Amino acid sequence: MSEPDGRSPLARRLLPDGEEPDPRFTLANERTFLAWMRTALAFVAGGVAVEAFTNDFMPEVWRRVVAVLVVLTGLVISVMAGARWLSVERSMRTGRPLPVPLLVPLLCGTGAVASIVTVLMIATLNR
């Protein structure tokens, strides 16, 4: 059900201000959101894979730390992707500058921590 302006109640609630941007920009924003969601799903799948397939390779404590860290990263990326989509859409509608992508430093930092944990785990394995 839509109102006279053609927008749904959800659209009016989430994006109450500004003017409708060029559809190409809105669709580009949506494609970026979907790319972040694919990244989030890859992290979740990677965490499940670490837990499921590294029993013989990693000690249980290391395996759990790496798996949980990777899955939680996927969860955070997913939530932040939605927030970023909304923030960018609002910025485009109101003519404000686009927000800084906080996902990038988060992803870099978490990737670095996961890599360090993995390197430490490999270095301490019994040969």
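Note that the structure is a prediction, hence the values are computed from the model and not measured.
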Enumerate the residue pairs fulfilling salt bridge (Lys or Arg N to Asp or Glu O under 4.0 Å) with a member in [range], sequence neighbours excluded, ordered by first and then second residue.
{"range": "residues 25-45", "value": "none"}
{"range": "residues 94-118", "value": "none"}
{"range": "residues 113-125", "value": "none"}
{"range": "residues 65-94", "value": "Glu20-Arg93, Glu89-Arg93"}

Only counting residues at least two apart or in another chain, list the ones meeting salt bridge (charged side-chain N to carboxylate O under 4.0 Å, His left out) with Glu19.
none
Minimum heavy-atom distance [X]-[Y], with the two atoms named:
{"X": "Leu14", "Y": "Leu86", "result": "O-CD1, 3.8 Å"}
{"X": "Phe33", "Y": "Ala81", "result": "CD1-O, 3.5 Å"}
{"X": "Val70", "Y": "Gly47", "result": "CG1-N, 3.4 Å"}

Could you work out the complete set of other residues in the hydrophobic cluster of [X], with links drawn between I, L, V, M, F, W and Y side chains under 4.5 Å apart?
{"X": "Leu41", "value": "none"}
{"X": "Val71", "value": "none"}
{"X": "Val100", "value": "none"}
{"X": "Leu98", "value": "Phe25, Val88, Met92"}

Set of residues satisfying side-chain contact (heavy atoms from CB on, under 4.5 Å) with respect to Leu102, sequence neighbours excluded
Met80
Mind checking what makes side-chain contact (heavy atoms from CB on, under 4.5 Å) contact with Val119, not counting sequence neighbours?
none
Using a 3.5 Å distance criterion without hydrogens, assess whether the side chain of [X] forms a donor-acceptor pair with backbone atoms of [Y].
{"X": "Ser87", "Y": "Ala83", "value": "no"}
{"X": "Arg12", "Y": "Pro16", "value": "no"}
{"X": "Thr54", "Y": "Val50", "value": "yes"}

In Å and rounded to the nearest 0.5 Å, what is the CG to OG1 distance from Leu103 to Thr39?
9.0 Å
When rounded to the nearest 0.5 angstrom, what is the spacing between CG in Leu107 and CD1 in Ile77?
4.5 Å
With sequence neighbours excluded, residues passing side-chain hydrogen bond (donor to acceptor under 3.5 Å, both in side chains) with Asp17:
none
Cluster check [X], [Y]: I/L/V/M/F/W/Y, side chain < 4.5 angstrom:
{"X": "Met37", "Y": "Val44", "value": "no"}
{"X": "Leu106", "Y": "Trp36", "value": "yes"}
{"X": "Val104", "Y": "Leu34", "value": "no"}

For a 4.5 angstrom cut-off between non-hydrogen side-chain atoms, does [X] reach [Y]?
{"X": "Ser91", "Y": "Pro97", "value": "no"}
{"X": "Trp62", "Y": "Leu120", "value": "yes"}
{"X": "Thr32", "Y": "Trp85", "value": "no"}

